[in-house]
Amino acid sequence: MAKANEMFQCQMHYCGYVYNPDEGDPKRGISAGTKFGELPDDWTCPFCGAEKKDFKPLAGPGSVLWENVRNWPGLKDKQWEEIEKRIASGDVQGYSPVAERAKGKMV
């Protein structure tokens, strides 16, 4: 399995399709192991036809999680740095900003 920070999955927010580099898009000639950034510029979502530029990463910079956590009210810079490292590495399984705040880790 690929490292999340090298082979992140990207999701089309219109239809919910997730491009998974570990699987590629074999029906359209994209082999497993092809990073999202290596897809041809004219590649489109196989479900809704949306352009590559309309996809968002599921983890790391630009992801919805990344933006939501970065804009969390009251988040201190040191806390953001720790969270940023975790999100950028793709280590977000079981991670919940709400749970962290409830534990008093984000004030």
Side-chain angles (χ1 to χ4, degrees):
M1 179 147 218
K3 292 181 183 176
N5 63 343
E6 295 173 356
M7 301 278 284
F8 57 85
Q9 296 179 358
C10 288
Q11 183 174 29
M12 169 42 54
H13 60 274
Y14 301 139
C15 69
Y17 171 79
V18 175
Y19 174 77
N20 184 346
D22 287 330
E23 297 172 7
D25 186 0
K27 290 181 181 177
R28 298 168 76 198
I30 307 296
S31 61
T34 302
K35 297 177 186 177
F36 187 81
E38 296 172 345
L39 291 171
D41 290 336
D42 62 349
W43 182 85
T44 58
C45 176
F47 288 149
C48 71
E51 296 179 12
K52 182 178 162 183
K53 67 179 179 65
D54 294 325
F55 278 73
K56 286 231 177 222
L58 291 180
S63 68
V64 174
L65 176 62
W66 183 276
E67 295 303 319
N68 286 345
V69 172
R70 182 63 179 128
N71 295 317
W72 192 273
L75 185 66
K76 296 183 174 96
D77 286 339
K78 183 170 175 67
Q79 292 168 316
W80 167 244
E81 289 172 15
E82 292 171 20
I83 293 167
E84 183 179 42
K85 288 177 191 172
R86 185 170 180 178
I87 295 172
S89 73
D91 180 20
V92 293
Q93 187 170 359
Y95 178 75
S96 165
V98 174
E100 294 296 306
R101 188 176 190 120
K103 293 179 198 171
K105 293 186 178 182
M106 298 172 68
V107 278

**Item:** Within 6.0 angstrom of Glu38 CD, more than 12 heavy atoms from elsewhere
**Value:** yes

**Fill in**
To the nearest 0.5 Å, atom CZ of Phe55 lies from atom CZ of Phe36 at 5.5 Å

**Prompt:** For Glu23, which residues count as a salt bridge (charged side-chain N to carboxylate O under 4.0 Å, His left out) partner, sequence neighbours excluded?
**Reply:** none

**CG on Asp25 to CG on Asn20, rounded to 0.5 Å** = 11.0 Å

**Prompt:** For Pro40, what residues pass the side chain to side chain contact (heavy atoms under 4.5 Å, CB included) criterion, not counting sequence neighbours?
**Reply:** Ile30, Asp42, Trp43

**Asked** How many angstroms lie between atom CG of Leu39 and atom CZ of Arg28, to the nearest 0.5 angstrom?
**Response** 9.5 Å

**Item:** Nearest-0.5 Å distance that lies between atom SG in Cys15 and atom OH in Tyr17
**Value:** 9.0 Å

**Prompt:** Taking all non-hydrogen atoms of both residues, which atom of Gly37 and which atom of Lys52 are closest, and how far apart?
**Reply:** O-NZ, 3.5 Å

